[in-house]
Number of protein chains: 2
Amino acid sequence: MRSNPERRLALIDAAIEVLAKEGARGLTFRAVDKEAAVPPGTASNYFANRDDLFTQVGGRIYERLLPDEATIARGREGVQDETRYAELMHELVARISAFNSGYLALLELRLESTRRPELRAVLTKRIREDIDANIAYRAASGLPGDSTSVVLLYLALNWLIVERLTLPDIFTEQEVRELVEAAVRRALNA
Amino acid sequence: MRSNPERRLALIDAAIEVLAKEGARGLTFRAVDKEAAVPPGTASNYFANRDDLFTQVGGRIYERLLPDEATIARGREGVQDETRYAELMHELVARISAFNSGYLALLELRLESTRRPELRAVLTKRIREDIDANIAYRAASGLPGDSTSVVLLYLALNWLIVERLTLPDIFTEQEVRELVEAAVRRALNA
DNA sequence: AACGTAGTACTACAGGCGGAGTGGTGTCAA
DNA sequence: TTGACACCACTCCGCCTGTAGTACTACGTT
């Protein structure tokens, strides 16, 4: 088992692209090698087996989907009002739509986790933490709305992103914008 | 190309199970044969190629997820108030959770449709129709709430089902019930 | 009632693709 | 000099597709 950290990271990021492009079943050592443009056999040396590969990707994918620290810091400063919150949500949808393959890869991982307990454990932990962080953030911001509102917003935005990424013709850009705003409005009125 | 309709249907339903169990990439003629317990080569005779198989499954899956006609009829009778509507939504979540593999298969198809234009066209059509039907139903019922409310409810419930099916430990049964009710309440208050 | 025909079920096979895993060799740095 | 890693090559294996060929069944014809 090799341990060059940059290379490992490059392989994992390549694996995310493969997941998005080829699906979970297409995530093989060889495909990762090719995507990362390293000699065949390399991924084999960095991951014990496919299960290990899935688990490591599961640990990494969430880092790539979350905003970077600068964005988080910007989110925390300035007035915390409804307009600001709506801005943040638009930013979230835009960011994820931009890193398209990351979200698709996460969906693939979710489905795959049906068959891989280890992966499921990793994802459950990460996602539960993210939800809790969102709830805490909302509570700290002083904006109205309880944790149920936060979760409902989370639910709606997630599926909206799925819809955009998988069947883009279901909703127009315009409808998506309106839906995000309506969701935020409702989340803050309860 | 063979044309025994029952056999074709049996193969398609077997394909749905395969999709849920093995993922989109695992959907091969041979796997379908095995799942349907028919001799190897049969699926090959019923579908021109994998693309054809995907498209036919895409056309069928939605029928299996929708309530049967009896349920629909029951939904339309009786008083149409908020309590009734909430009941229907609970029924929906329960029904889909029960036919677990159908929904997972649909998710697989959505992801696969990223790579298959024909499949995407079929799914887009079906799902758009379903959303429109929901909007029309709500409008006809005389309950409060505009189409945005209906769609937001649709979004939230869909992701809630995803969450339940893929990472069941994220929300407890209790939380799921509360979320469904909160979502319905908000959808009817706007 | 016997026969022929068409459509379907089943079986078998040829050919190919792609992946896992491993061992060996080269290379660089401590 | 030694150890860790990059790179390369090779073998083994499993699975899939597509098709050809055979057997069966039902139905229509005479």
Side-chain angles (χ1 to χ4, degrees), chain A residues 1-58 60 105 108-109 111-112 114-119, chain B residues 1-58 60 105 108-109 111-112 114-119:
Chain A
M1 183 92 72
R2 307 296 157 79
S3 66
N4 177 337
E6 294 106 50
R7 209 152 220 246
R8 162 160 273 120
L9 218 55
L11 288 171
I12 292 179
D13 286 347
I16 292 174
E17 295 302 320
V18 172
L19 271 175
K21 276 191 235 163
E22 309 294 335
R25 187 96 167 215
L27 183 66
T28 63
F29 290 153
R30 290 298 190 268
V32 172
D33 290 335
K34 197 178 286 180
E35 176 72 32
V38 296
T42 304
S44 237
N45 289 330
Y46 274 83
F47 307 95
N49 46 47
R50 278 184 85 226
D51 221 82
D52 185 31
L53 176 56
F54 272 106
T55 309
Q56 292 200 33
V57 173
R60 165 83 174 148
E108 292 282 358
L109 285 178
L111 288 173
E112 188 66 18
T114 292
R115 291 153 242 152
R116 296 181 191 275
E118 275 192 49
L119 176 58
Chain B
M1 183 92 69
R2 307 298 158 78
S3 65
N4 177 336
E6 293 107 50
R7 209 154 222 245
R8 162 160 273 120
L9 216 55
L11 288 171
I12 293 180
D13 286 347
I16 292 175
E17 296 302 320
V18 172
L19 271 176
K21 278 192 233 164
E22 309 294 336
R25 186 96 166 216
L27 183 66
T28 64
F29 290 151
R30 288 299 186 269
V32 172
D33 290 335
K34 198 176 286 180
E35 177 72 31
V38 297
T42 304
S44 235
N45 288 330
Y46 275 84
F47 306 95
N49 47 46
R50 279 185 84 224
D51 221 81
D52 184 31
L53 176 57
F54 272 106
T55 309
Q56 293 200 33
V57 173
R60 164 83 175 148
E108 292 283 357
L109 285 178
L111 289 173
E112 188 66 18
T114 292
R115 288 155 243 152
R116 296 182 191 273
E118 275 192 49
L119 176 60

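In what follows, every chain begins at residue 1, and chains take the letters A, B, ... in the order their sequences are listed. These numbers come from a predicted model, not from an experiment.
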ask   = Would you call A/Glu112 and A/Arg25 a salt bridge, using N to O less than 4.0 angstrom?
value =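 Looking at A/Glu112 and A/Arg25, the cut-off is not met.
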inquiry  = Base contacts versus sugar-phosphate-only contacts with protein, heavy atoms under 4.0 Å: please encode nucleotides 5-18 of chain D as B, S and - from 5' to 3'.
reply    = SBBB-------SBB
query = Can A/Arg8 be said to sit on top of A/Phe47's aromatic six-ring, NZ or CZ under 6.0 Å from centre and within 45° of the ring axis?
reply =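 Yes; both conditions hold, so A/Arg8 lies above the ring face of A/Phe47.
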Which atom names give the shortest non-hydrogen contact between [X] and [Y], and what distance separates them?
X	Y	result
A/Asp33	A/Pro40	OD2-CA, 3.4 Å
B/Gly58	B/Leu109	CA-CD1, 3.9 Å
B/Ala43	B/Phe29	CB-O, 3.7 Å

Considering only nitrogen or oxygen atoms on both sides, find all protein atoms under 3.5 Å from nucleotides 23-28 of chain D and state each distance.
none

key: Interatomic spacing from CG in B/Asp51 to CZ in B/Arg115 - rounded to 0.5 Å   =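 Interatomic distance, B/Asp51 CG to B/Arg115 CZ, rounded to 0.5 Å: 12.0 Å.
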request  = Enter the distance from A/Glu22:CD to A/Leu19:CG here, rounded to the nearest 0.5 Å.
outcome  =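 A/Glu22 CD to A/Leu19 CG: 10.0 Å, rounded to 0.5 Å.
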Nucleotide N/O of nucleotides 26-30 of chain C paired with protein N/O under 3.5 Å:
none

query = Do B/Lys21 and B/Glu108 come within less than 4.5 Å of each other through their side chains, counting heavy atoms only?
reply =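 No, their side chains stay 4.5 Å or more apart.
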ask   = Do B/Leu11 and B/Glu35 have side chains that get closer than 4.5 Å, going by heavy atoms?
value =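 A side-chain contact is absent here, since even the closest heavy-atom pair is not under 4.5 Å.
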ask   = With no hydrogens and no angle check, is any side-chain donor or acceptor of A/Arg7 less than 3.5 Å from a backbone partner on A/Tyr46?
value =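 Such a contact is absent between A/Arg7 side chain and A/Tyr46 backbone.
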For atom CG of A/Asp51 and atom C1' of C/dA20, their distance in whole Å =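 These atoms are roughly 15 Å apart.
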